[in-house]
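Before any comments, here is the structure.
A, B, ... follow the sequence lines: proteins, then strands. Residue 1 opens every chain. Worth saying up front: this structure is predicted, and the values here are computed from it rather than measured.
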Amino acid sequence: MTQVSAEALVELAKRRGFFLQSAGAYGGVSGFYTFGPQGAALKRNIEDTWRDRFAIQEGHMEVDAPTVLPEPVFEASGHLDGFDDMLVECPECGQSHRADHIVEDDPDTGIDEAESLAPERIEEVIAEYELVCPTCGTGLAGQAIEQFNLMFETTIGPGSSAPGYLRPETAQGIFIEFPQLAEYARNQLPFGVTQIGRAYRNEISPRKSLLRVREFSQAELELFVDPEENEPDLSSVADARARFYPAAEQDREDGKPIETTIGAAVEEGIVADPWIAYYLGVAAEWYQRIGLDMDRFRFRQHRPGELAHYSEDCWDAEGDVSDPGAEPDWIELGGFAYRADYDLSKHDAHSEEDFTVFKQYDEPITVEKATVDPDMSYLGPEFGGRAGDVADALADLAEQESDAFEGEEVSVEVDGESYTVPVEKTGFAVEEVTESGKHVTPHVVEPSLGIDRALYTALDHSYREDKVDGEERTYLALPPEVAPTTVGVFPLMDKDGLGERARELAATLRDDGVSVAYDDSGAIGRRYRRQDEIGTPYCVTVDYDTLEDGTVTIRDRDSTAQKRVAVDELAGTIETLLSGEDAFEDI
RNA sequence: GCGCCGGUGGUCUAGUGGUAGGACAUGAGCUUCCCAAGCUCAUAGCCCGGGUUCAAUUCCCGGCCGGCGCACCA
């Protein structure tokens, strides 16, 4: 198995049109990449296979939300606070540190949630407790806190009254439309919503070409489940094999990944949540399908410290993209999180919509329910403008603590003020009501995959070097399904009518929906090599025999072997090769 | 954002205080009956700005971009 250095891969990517740094004519811009012709085609094919597997095969809905959303969305999602890094620079050694972490790490401050504090407050705390630089011990009092928000900010419409942000993940676009999406799903759980789209993070320091960028594509599935009832059918992925690297193994000195099947991983408790396990299985098969080497792939469980506070269990898909001879370099390709009701509850609380679904009971049930029907002709004159709020408070109190209505009077608090109302004026009553169901906030299972990183890793893992007749050759062993071009069509020479015949053939194949590269330049070997280097799996050559008997040669990229096939059968042959029905040796 | 190193055609690279040479690739032509062959010709480059200088791609400063390390990666 050939390994390729990042340098060589990036060089090939630029030279052959997979990806290049954007805006080179203007000095380049860090963290932005343009996909060239091959890269755009490869990316589209990868996205198509993702769509096929995660949306179509699962029967889920695909949506397409805006990349710009208004500020309140990110207040609710927590990105506005969570993305605001407060950095403080040491005047002595020049090291930057997270100011909120320094505050949290000092037990004397008694603060363990500094992230939500204002920067001015952090500066005060640093001065007050004489906090020092963790690196060199110099006092940090008086140093300015620099704020850095990882979200790109913009304004919506003229003026600055409506701030908006480029989404840092595609998921929020799905969550905020949940009420309507649930309607489209006829309020039946479970249902899944997918989205493939761009997301933006204003990274401090983009690195490693495509692997850490400021604009990238994500493919996300949000599966909304009823936590009490829904369970996945694991049978379809039970045999999928992968390497699992549980948190416990990572903490051990000699810990290592465990290679097993999804079915066994669930049985042995390696993966606790069956939904997560299901999508690990689906994803493992998908990564293999787009060309990843499963020997350089693993699922790694988040260690307790890495877990987001809402997540009970989270696994990452990781790929090794190390240089030849180097230690493995694992990069995160995707995350699989059980997000519980975190997102929907947040939006339910912050917005005016209902982010629940109504779940009907098998049988209606009868419950005792305390209600109020306040006498507003009393409350109005008595409390003036607060009467409405008092009535609401009474209703809440009745629901939560009906005992409070047992005396002559009942008191409620509104904005810190206490209001006392005679019980007889509250219309308090306990009645039997029939409930046919209840509102539940669905839980979210979220497989979230980075398309750019998947593409990069697929290129990295499919890079090959070998020798053909003593000549060195570079090729990409991309799966035919995702290769940017499926077939190269060449005339052996562009004369004696071979060119016309080949062009006809190219047009026919294109008409059949095959992605074709036509090439009649220079020597035939050069044309083969060109296609090899962009991963074109098959090349078809029109030669003198074609004019005689209507057959062409078809050449296999990986083996460079050739076979003769009748022109009439070519489209069908290619189709069976693409579907995997036949191997090249079998045609 | 900090530190170190770097930036010459599409790619790889030589070189220089007097504006650049090669290889590969690309295009045209010749040749060629299946794997980067050969010949001829052609296209194409000193990251940007400022300074020093008669003159800067070269020296100095700043910026941009890249690599590595640190920090960051919700």
Side-chain angles (χ1 to χ4, degrees), chain A residues 5-8 10-17 20-32 36 74 77-90 93-98 100-101 115 133-135 146 148-151 168-169 171 199 201-209 211-214 216 306-311 323 331-332 335 337 450 466-475 488 490-496 498 521-533 539-547 552-557 559-562 564:
Chain A
S5 70
E7 201 184 355
V10 168
E11 188 268 314
L12 184 146
K14 179 168 189 186
R15 191 163 42 80
R16 286 299 183 194
L20 66 153
Q21 193 181 23
S22 301
Y26 293 90
V29 53
S30 186
F32 293 91
F74 300 110
S77 69
H79 287 104
L80 210 51
D81 286 339
F83 259 53
D84 236 346
D85 282 349
M86 286 176 282
L87 299 177
V88 60
E89 193 180 322
C90 172
C93 68
Q95 287 280 318
S96 279
H97 298 277
R98 285 278 295 267
D100 49 330
H101 287 178
E115 214 173 281
C133 170
T135 308
E146 271 183 83
F148 190 78
N149 193 295
L150 257 26
M151 284 196 293
E169 61 175 19
R201 292 176 195 181
N202 202 359
E203 296 282 353
I204 296 172
S205 152
R207 284 283 165 92
K208 300 190 174 194
S209 69
L211 297 179
R212 193 141 146 228
V213 288
R214 293 188 164 123
F216 53 97
E306 286 178 85
L307 285 176
H309 51 284
Y310 50 79
S311 188
D323 287 354
I331 59 159
E332 179 187 342
D466 66 359
K467 285 201 169 179
V468 176
D469 297 338
E471 295 278 359
E472 284 189 8
R473 176 176 81 128
T474 300
Y475 66 104
F490 318 140
L492 187 56
M493 276 171 299
D494 191 13
K495 62 180 189 185
D496 301 332
L498 294 178
S521 78
I524 190 84
R526 179 180 296 264
R527 290 177 255 164
Y528 284 140
R529 294 296 202 274
R530 227 178 245 150
Q531 295 304 319
D532 286 342
E533 216 175 22
C539 289
V540 168
T541 301
V542 169
D543 57 19
Y544 287 94
D545 288 354
T546 311
L547 302 180
V552 291
T553 61
I554 178 166
R555 174 228 190 225
D556 178 50
R557 173 194 64 203
S559 63
T560 75
Q562 287 182 313
R564 287 206 82 88

In sequence, state the C-alpha distance, the side-chain angles, and the governing distance for A/Glu533 and A/Arg15, and then conclude on salt bridge (charged side-chain N to carboxylate O under 4.0 Å, His left out).
CA-CA 10 Å; A/Glu533 216 175 22; A/Arg15 191 163 42 80; 3.1 Å; yes

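Of the P atoms belonging to B/G67 and B/C59, the separation is 24 Å, rounded to the nearest Å. Using P as the reference atom, B/A28 and B/A14 are 31 Å apart when rounded to the nearest Å. Comparing B/G51 with B/A42, their P atoms sit 39 Å apart, to the nearest whole Å. Between B/C39 and B/U32, the distance separating the two C1' atoms is 12 Å to the nearest Å. Distance check on atom P: B/A56 versus B/C41 gives 35 Å, rounded to whole Å. Straight-line distance between the P atoms of B/C48 and B/U11: roughly 15 Å, to the nearest whole Å. For the P atom pair drawn from B/C68 and B/U31, the interatomic distance equals 50 Å after rounding to whole Å. Comparing B/G21 with B/G15, their P atoms sit 15 Å apart, to the nearest whole Å.
Look at B/G66: its Watson-Crick or wobble partner, with both distances under 3.5 angstrom, is B/C5. Using the Watson-Crick or G-U wobble rule with both distances under 3.5 Å, B/A55 pairs with nothing in any strand shown. Remark: B/U16 base-pairs with no nucleotide; criterion is Watson-Crick or G-U wobble with both hydrogen-bond distances under 3.5 Å. Of all nucleotides present, only B/C61 satisfies the Watson-Crick or G-U wobble test against B/G49, with each distance under 3.5 Å. Here B/C73 sits opposite no nucleotide as a Watson-Crick or G-U wobble pair (both hydrogen-bonding atom distances under 3.5 Å). Nucleotide B/C30 has B/G38 as its partner under the Watson-Crick or G-U criteria, with both atom distances under 3.5 Å. With a cut-off of 3.5 Å on both Watson-Crick or G-U wobble distances, the partner of B/C24 is given as B/G10.
Remark: C1' of B/C34 and CD1 of A/Ile554 are 14 Å apart, rounded to the nearest angstrom. The distance between atom OH of A/Tyr475 and atom C1' of B/C35, rounded to the nearest whole Å, is 14 Å. To the nearest angstrom, P of B/G1 lies 10 Å from CG of A/Asn202. Note: CZ (A/Arg212) to C1' (B/G66) measures 15 Å, nearest angstrom. Atom C1' of nucleotide B/A28 and atom CG of A/Asp494 are separated by 14 Å, given to the nearest angstrom. Spacing between atom NZ of A/Lys495 and atom P of B/C34 amounts to 12 Å, rounded to whole angstrom units. Nucleotide B/U13 holds its C1' atom 12 Å from the CD atom of A/Glu11, rounded to whole Å. At whole-Å resolution of the value, CZ in A/Arg527 and C1' in B/A36 are 12 Å apart.
If you check B/G1, B/A36, B/C34 against the side chain of A/Glu471, the one that comes closest is B/A36.
Side-chain to base pairing of A/Asp543 with B/C34: one donor and one acceptor N or O lie within less than 3.5 Å of each other. Side-chain to base pairing of A/Arg207 with B/G66: no donor and acceptor N or O lie closer than 3.5 Å to each other. Contact of A/Glu203 with B/C73 (side chain to base): no donor-acceptor pair of N or O atoms is detected under 3.5 Å. In the interface, the side chain of A/Ser205 is not paired with the base of B/C72 through any donor and acceptor atom under 3.5 Å apart. A donor-acceptor contact under 3.5 Å is formed by the side chain of A/Arg555 with the base of B/C35. With hydrogens and angles ignored, no donor-acceptor pair under 3.5 angstrom links the side chain of A/Tyr26 to the base of B/C64.
A donor-acceptor contact under 3.5 angstrom links the side chains of A/Thr541 and A/Tyr528, judged on distance only.
Heavy-atom minimum distance, A/Pro206 versus A/Ser30: CG-OG, 3.4 Å. Between A/Glu203 and A/Arg214 the shortest heavy-atom distance is O-NH2, 2.7 Å. Here the closest non-hydrogen pair linking A/Asp496 and A/Leu547 is O-CD1, 3.6 Å. Among all heavy-atom pairs drawn from A/Arg473 and A/Thr560, the shortest one is NH1-CG2, 3.4 Å. Pairing each heavy atom of A/Asp556 with each of A/Ser559, the nearest pair is OD2-OG, 2.7 Å. Between A/Asp532 and A/Thr474, the shortest heavy-atom contact is CB-O, 3.7 Å.
A/Gln21 comes within 4.0 angstrom of the backbone, heavy atoms only, and of no base. Counting non-hydrogen atoms under 4.0 angstrom, A/Ser30 reaches the backbone sugars and phosphates but no base. Residue-level contact check: A/Glu7 touches neither bases nor backbone, having no heavy atom under 4.0 Å from any strand.
Where A/Gly24 and A/Lys208 each meet RNA chain B at their nearest nucleotide, the meeting point lying more 5' is that of A/Gly24. Along RNA chain B, the nucleotide closest to A/Gly31 and the one closest to A/Glu533 are compared, and the more 5′ of them pairs with A/Glu533.
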Please produce a list of atom pairs where a protein N or O lies less than 3.5 Å from an N or O of nucleotides 24-27 of chain B.
| residue | atom | partner | partner atom | Å |
| --- | --- | --- | --- | --- |
| B/A25 | OP1 | A/Arg526 | NH1 | 3.0 |
| B/U26 | OP1 | A/Arg530 | NE | 2.8 |
| B/U26 | OP1 | A/Arg530 | NH2 | 2.2 |
| B/U26 | OP2 | A/Arg526 | NH1 | 2.8 |

Considering only nitrogen or oxygen atoms on both sides, find all protein atoms under 3.5 Å from nucleotides 39-42 of chain B and state each distance.
none

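Within 6.0 Å of atom CD in A/Glu7, 12 or fewer heavy atoms from other residues, nucleotides or ligands are found, so the atom counts as exposed in its surroundings.
Looking at A/Arg16, its side chain never comes within 3.5 Å of a backbone N or O of A/Gly36 through a donor-acceptor pair.
Counting heavy atoms from C-beta on, the side chains of A/Leu80 and A/Met151 come closer than 4.5 Å. Annotation: side chain of A/Glu169 is not in contact with side chain of A/Ser77 (no heavy-atom distance under 4.5 Å).
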